[in-house]
Amino acid sequence: MKIILVIILATLLAGCAGSARPNFYRGHYYMSGDSNCRYSSERTDTSINCFNSDKEPTGYRDAMTDQELQMYQHNQQMEQQQNKTTNTNCYRTYGGGMNCTTY
């Protein structure tokens, strides 16, 4: 059951891909900022109306659940870990050997 929930949440978040990210508005987080939700306005206590860059209506989005927000944060952490670069500095020692340090 948990696996199915994770797949559903990942699919929902992937549908908001692009430059969409959680934005806090009136006590809730909403996935917005992408081309289909560049601008937003209040719709209900837990949903927003979305507008594109031409300020044309594109629909609405519900507030993120705690699980969706946690999944987004987890995915961001995983992506940051994958994008970390490592550097290695090597130098010759006095006896002709080599020492390397990776950070």
Side-chain angles (χ1 to χ4, degrees):
M1 184 65 179
K2 286 184 180 182
I3 293 173
I4 294 171
L5 179 61
V6 169
I7 292 170
I8 290 170
L9 292 175
T11 303
L12 287 172
L13 292 176
C16 298
S19 60
R21 58 187 176 80
N23 288 289
F24 192 73
Y25 179 69
R26 296 181 52 96
H28 301 282
Y29 283 94
Y30 298 89
M31 255 332 207
S32 61
D34 59 317
S35 60
N36 286 324
C37 203
R38 183 74 54 210
Y39 302 101
S40 62
S41 66
E42 183 179 3
R43 179 173 182 262
T44 68
D45 286 344
T46 59
S47 66
I48 57 172
N49 291 310
C50 288
F51 304 88
N52 62 20
S53 58
D54 295 326
K55 297 186 179 175
E56 299 169 330
T58 58
Y60 71 92
R61 294 192 181 165
D62 291 322
M64 296 174 74
T65 64
D66 290 340
Q67 291 85 2
E68 289 170 326
L69 186 57
Q70 287 174 357
M71 178 63 76
Y72 175 84
Q73 292 169 335
H74 173 74
N75 288 339
Q76 290 300 105
Q77 288 174 345
M78 295 300 289
E79 187 176 315
Q80 287 174 359
Q81 288 177 356
Q82 290 173 352
N83 291 336
K84 281 186 181 177
T85 58
T86 57
N87 296 308
T88 302
N89 288 332
C90 296
Y91 58 92
R92 293 206 182 273
T93 61
Y94 178 69
M98 186 169 288
N99 274 347
C100 295
T101 304
T102 302
Y103 58 95

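Note that these values count all heavy atoms, side chains included, but never hydrogens, waters or copies made by symmetry.
Under the side-chain hydrogen bond (donor to acceptor under 3.5 Å, both in side chains) criterion, Arg43 pairs with Ser47, not counting sequence neighbours. Residues forming a salt bridge (charged side-chain N to carboxylate O under 4.0 Å, His left out) with Glu42 (at least two apart in sequence, or on another chain): Arg26. For Glu79, the side-chain contact (heavy atoms from CB on, under 4.5 Å) partners two or more places apart in sequence, or in a different chain, are Gln76, Asn83. Remark: Phe51 pairs with Tyr39, Ser41, Asn49, Pro57 by the side-chain contact (heavy atoms from CB on, under 4.5 Å) rule, at least two apart or across chains. The side-chain hydrogen bond (donor to acceptor under 3.5 Å, both in side chains) check on Glu56 picks up Asn52, with sequence neighbours excluded. Under the rule for a side-chain hydrogen bond (donor to acceptor under 3.5 Å, both in side chains), the partners of Ser32 that lie at least two apart in sequence or sit in another chain are Asn23. Remark: Tyr29 engages Phe24 in a ring-ring contact (aromatic ring centres under 6.0 Å, His included) (not counting sequence neighbours).
Remark: side-chain polar atoms of Arg21 are not paired, donor with acceptor, to backbone N or O of Gly33 under 3.5 angstrom.
The nearest pair of heavy atoms linking Asp45 to His28 is O-CD2, 3.3 Å.
The disulfide bond (SG atoms under 2.5 Å apart) analysis of residues 23-52, with sequence neighbours excluded, yields the pairs Cys37-Cys50.
Rounded to the nearest 0.5 Å, atoms CD (Glu68) and CG (Asp62) are 8.5 Å apart. Once rounded to the nearest 0.5 Å, the distance linking CD of Gln67 with CE of Met71 reads 9.5 Å.
In this structure, Tyr30 shares a hydrophobic cluster with Tyr25, Ile48, the cluster being traced through Ile, Leu, Val, Met, Phe, Trp and Tyr side chains under 4.5 angstrom apart.
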